[in-house]
Amino acid sequence: MFKAEIYVSYKPSVLDPKAEVIKNTLARIGDDNVATVSVGKYFELTLTAPDQAAAEAQVDRICDAMLANVNTEAYHFTVKALEAAQ
Amino acid sequence: MFKAEIYVSYKPSVLDPKAEVIKNTLARIGDDNVATVSVGKYFELTLTAPDQAAAEAQVDRICDAMLANVNTEAYHFTVKALEAAQ
Amino acid sequence: MQTEPTPTVIKTTKPYLEWGLTESEYDRFAEKLGRLPNYTEIGLASGMWSEHCAYKYSKPVLKTFWTKNDRVLMGPGEGAGVIAIGEGKAVVFKAESHNHPSAVEPYQGAATGVGGIIRDIFSIGAKPVAILDALAFGYPKDAHTKQLIDQVVAGIGDYGNAIGIPTVGGETRFAPTYQNNPLVNAMCVGVMDESAIQRGKAAGAGNALIYVGAKTGRDGINGASFASGDFSTAEDANRSAVQVGDPFMEKLLVDACLEVTRDHQAALVGMQDMGAAGLVSSTVEMAGKANSGMTLDLDLIPQREPNMTPFEIMLSESQERMMLCVRTGHEAEIIKVFKQYDLDAVVIGRVSFDHQYKLLQHGQVVCDVPVSLLTDDAPVYHQVGVKPARLAQPAADFEPGAIDLKKTLEAVLQDPNVADKTAIFRRYDAQVQTNTIVGPGGGAAVIRVRGTHRALALTTDSNGRYLALDPEIGGAITVAEAARNLVATGAEPLGITDCLNYGDPTKPEQFYSLAESAKGIVAATKALNTPVISGNVSLYNETDGEAIAPSPMIGMVGLIEDLTAIMSPSFKAAGESVYVIGQTQADFNGSLLQQMTQGEVSGRLRPLDLAQEQENQALVLQAIRQHLVSAAHDVSDGGLLTALAEMSFGRNIGAAVAAAWAPAWWFSESQGRFVVSVPAANIAAFEALAGPLATRLGRTQPGELTVQAAGQAMAANVATLKQLNKEALAWQLK
Amino acid sequence: MKAAVLSFPGSNCDDDLLHAVGTVLGQTAVKVSSQATDLTGYDVVLVPGGFSYGDYLRSGAIAKFAPVMTALKAFAAAGGYVLGICNGFQILTEAGLLPGTLQWNTSLQFICEPEPLLVANHQTAFSQAYAQDQIITLPIAHGEGNYYADPATLAQLEVNGQVVFRYLHNPNGSLNDIAGLTNEAGNVLGMMPHPERAAEALLGSVDGLGVFQSLIQATKGAAIHAN
Ligand SMILES: Nc1ncnc2c1ncn2[C@@H]1O[C@H](COP(=O)(O)OP(=O)(O)O)[C@@H](O)[C@H]1O
Ligand SMILES: [Mg+2]
């Protein structure tokens, strides 16, 4: 069993409305020392796979096809083997 | 300048419809070896603060008040000082 | 896994007290059972004997409601009530409160409130066609209230928008009394064939009980008794009760259940949603209504989490679940329908030959009690009300004194109660299903009924200000005001649903308010021929011992039989005559003007003349049906001048009006009034029809609203007033 | 015109489209499940609004995996007319049939209101019933309608005249006020406003009929060519 931790965030060139709103709201309520805000998604998957490489390849494919919109979003992930106990 | 990395995820026992739909879809398109899916949010803030403790206290307050819905979500974060170069 | 306390330990340690059951209720249960109940059994009792399920305090009051006329096909008692609307069709509607959950978790509380009321509608077999939301908050002055409003509105919108039912109307009221105890009431309206009414019953020994929809988790456990408890700001533990709504799942559920009621009538015995007290209440009530028993195997229930106890499984309020009773032999046929929608559907038990409610888990009997013990044998308390001191000795009449017409009008138009609510309702999809003839923003909403030549008018109304001064008169006014909203669109009021939002009924003064306002509601529903066909009770609206003003919400539905006679409040052309229907007097106690000037309301209310009310409404309806009037609007918050201003905004056509009243009278809230405009060609016919009921005030004119009162004149630019009114709320919510 | 109206789990404007095209305009309109694998025989495929699969990951992100999408791509590649409205537009961008992405409205709020639009290009199969630069008002109802494309794509869209509808009072932050656009070939259009909600005078407006009338006209031409 493998565990993948996946981060999806906007590419730097894309203006993110959610981050903008959070930043403006923070400024309004007095947290005006916050300089930058970025908002992303965080996924955890557990999956069975013959080996680490296979797990990574599958996770990459899932990210590319589904979890991220590659027009506007970038992703990165780590895959770790879980103890055999499972 | 400090950088905070914040993770927000559902508390246990809280239904996560997003994760359900993703998992079902993965199974449908052939990725049926994915055993569990969890979906969370990932934020990065940079902020100025007199010291690490002050930065942590502020980030905690911002998470509690805005970034997480503490009724349904739990959060954790790390705060790191960035090089003085900034 | 924790082991549960034994019956004898329960008797001495009394864990049920925390679930809202009293010691004498425990004794009653044990005595009727004939032995000490186990943990599961007394747990189920705490849910089923809560106010939410058993109406133990409100039942004597609800019994007084008038619930039948020749059009009512099904009154209170089922998921929702049904009224015939002609051409073989019927309208189904009900309202529900989610005040407590929304106070704790505004987004999910409001969302699941909408989800719950929708299930009530399609459980009858009706297609849900409209949602209305009635909200009440403190004035949006502090960040907390603004956030609360934002999250409640987001929750309602996200659920209704996703599921594809238009939110066509509602109301948003602001008063200090709701500061710590907001009201979140939602109403759903459905349409169906008269012949296809479905009931929630489980009859016929051997028939299957089929569980459908979301899996059961540990969310919202024992929410029913939670909602029937009083609320303390310090009590953080309440936070564990949060349920999350899944509108996508519910959309599938609506479509699948309607397919079953449409195409598999012969297989279906009954259907009910799982609302308060989840699995136990839906199944026990279905058995109770059919006077049967049932046996359920908890191991078969779809569960989201491992190791759930019977108590947790049965009292979970996980959302988006339905219970069906299906004839033996038809199980596969029904399950197949749900599978097509990718929904779980599982036979979890059978109707039995006896009258016992029996639950099995891991081969053990974990509950075995008579069905009636959980339903009919719930206690009913006959409280005696005591008139609150403030009502026994009302303060002197509120005298607004010498006011400035224009400044007062500008202030009233910007008060959030009167301010344009676009900032709220534009977050709701009001048009999906393409039937919305009049959406939010006017008075009542109007939707066409597909497959007929008819339309329905829908509204909600509540006004705690009047009930705070006199619950009986205030109750009658609320019904009358809802009817006025409908009549102004050209609809004939058909019937009502209600949410009775009150304080703790065990307090005699709170019970007094509940009972007195019911008297007013009953009188008004009889006078206006609008029986109560469904409703919901929300008691214990108290924070730290302080109750809200009694705030019954009335949801009313009316019928329009002629699609060419749908009226709107906007003045249509300059040069038409403007009339007020009904008497204007010095009615300032309980008025918006008083709340704005004094921060609270006090004084005595003038009794409502229901005969006069009925006569005025009949006149307006006649005038609209005979195409005599070109605009009609009811007079409510902020009085006559406010109504005139609102009528001016649509097409930038104002009016020049005059009456020999003191300036303040233009803001008086005398009941039973409407404003109409009449084109020159219809004046003779209109005046002949109206007789002394209508008073001519002046005529419409382009772009200006001018008033001549005793000793004071006002001229205001309509566009300027409109802008004040339009921007006020968005600004105040920022 | 024979139109297929796709229906995904969570679609909620499919019946409204059937009503507008079938009942109001008297065309043949058939609901086609997202499980279908064949779209031959239709002149037009309509991808409706709603919240396919709850839009829980991103709007349209799950719908693109439905079986019918393979058929839809083949249909579009063969030059068939495809119209995506609201969630339909979002699905078409996720599936790569249209460029760009629909992000959250800048207000982060769902917005439902009538919106005046400029017909920026009336020489398309979807807009020929309108006059160039005509102003029409159509309802919008979306939370994620803020059109984004990278600068190069955006410039290309403008050069090619692919922008068909523009907001007069940009409600959601869309780049270049884009409310609706076609693919390069001009046979696939996505738009956030709902023409099917402006198809009957009783409901307040018939400004949306032009979109469907344009398609009726375009498919008549196609039929003549085929003969
Ligand atoms: N929460 C809400 N949801 C939907 N529509 C609302 C809501 N609040 C107000 N509205 C709309 O705004 C209109 C005006 O509301 P209100 O000021 O309470 O006036 P009235 O009592 O005269 O109907 C209502 O008729 C309704 O259509
Ligand atoms: Mg009102």
Side-chain angles (χ1 to χ4, degrees), chain A residues 1-10 12 16 18-51 54-68 73-79 82 86, chain B residues 1-10 12 16 18-51 54-68 73-79 82 86:
Chain A
M1 189 68 99
F2 293 86
K3 176 174 171 181
E5 300 186 340
I6 302 164
Y7 304 81
V8 176
S9 55
Y10 277 100
D16 174 8
K18 282 199 179 161
E20 286 298 302
V21 168
I22 291 172
K23 197 172 157 229
N24 295 340
T25 310
L26 286 173
R28 194 154 45 75
I29 64 174
D31 291 299
D32 45 7
N33 58 330
V34 174
T36 63
V37 175
S38 91
V39 182
K41 293 176 201 154
Y42 171 70
F43 301 89
E44 278 180 20
L45 307 187
T46 59
L47 67 167
T48 53
D51 56 38
E56 286 183 7
Q58 186 179 356
V59 170
D60 191 46
R61 184 172 47 71
I62 290 173
C63 288
D64 191 75
M66 185 191 293
L67 300 183
E73 295 172 329
Y75 61 89
H76 65 274
F77 60 83
T78 61
V79 172
L82 297 176
Q86 332 267 327
Chain B
M1 190 67 100
F2 293 86
K3 176 174 174 183
E5 299 188 340
I6 302 163
Y7 303 81
V8 178
S9 56
Y10 276 108
D16 182 359
K18 284 189 189 125
E20 291 290 310
V21 166
I22 292 170
K23 196 173 157 231
N24 295 341
T25 308
L26 285 172
R28 200 154 39 78
I29 64 174
D31 292 298
D32 45 7
N33 59 327
V34 174
T36 64
V37 174
S38 90
V39 182
K41 293 177 212 151
Y42 171 69
F43 300 88
E44 280 181 17
L45 305 187
T46 59
L47 68 166
T48 54
D51 55 39
E56 286 183 5
Q58 186 180 355
V59 169
D60 191 45
R61 183 171 49 71
I62 290 173
C63 288
D64 193 80
M66 187 185 308
L67 301 183
E73 296 172 328
Y75 61 88
H76 65 274
F77 58 84
T78 61
V79 173
L82 296 176
Q86 332 267 329

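A, B, ... follow the sequence lines: proteins, then strands. Residue 1 opens every chain. Since the structure is predicted, the reported quantities are computational estimates derived from the model, not experimental observations.
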Q | Interface moiety of B:Leu45 toward chain A, non-hydrogen atoms closer than 4.5 Å | A | both
Q | Main-chain N/O of A:Thr36 paired with B:Thr46 side-chain donor or acceptor, under 3.5 Å | A | yes
Q) Tell me, do A:Thr48 and B:Val34 make a side-chain contact under 4.5 Å, heavy atoms counted? A) no
Q) Can you name the ring-ring contact (aromatic ring centres under 6.0 Å, His included) partners of B:Tyr75, sequence neighbours left out? A) none
Q. Sequence neighbours excluded, which residues qualify as salt bridge (charged side-chain N to carboxylate O under 4.0 Å, His left out) partners of B:Glu5?
A. B:Lys3
Q.
Applying salt bridge (Lys or Arg N to Asp or Glu O under 4.0 Å) as the test, list every pair that has at least one member in residues 26-42 of chain A; sequence neighbours left out.
A. A:Asp31-B:Arg61, A:Lys41-A:Glu73
Q) Listed by residue number, which members of residues 18-27 of chain B have a heavy atom under 4.5 Å from any heavy atom of chain A? A) B:Ile22, B:Thr25, B:Leu26
Q) Looking at B:Ala35, B:Ser9, B:Ser38, B:Ala49, which makes the most heavy-atom pairs under 4.5 Å with chain A? A) B:Ser38
**Q.** chain A contact via B:Ile6 - side chain, backbone, both or neither, heavy atoms under 4.5 Å
**A.** neither
Q. Do B:Gln58 and A:Asn33 have side-chain heavy atoms sitting under 4.5 Å apart?
A. yes
(Q) Checking A:Val39 against B:Glu44 for the side chain to side chain contact (heavy atoms under 4.5 Å, CB included) test, could you report, in this order, the C-alpha distance in whole Å, the side-chain angles of both residues, the deciding distance, and whether it holds? (A) CA-CA 7 Å; A:Val39 182; B:Glu44 280 181 17; over 6 Å; no
(Q) Can you tell me which portion of B:Phe43 sits under 4.5 Å from chain A's heavy atoms? Options are side chain, backbone, both or neither. (A) both
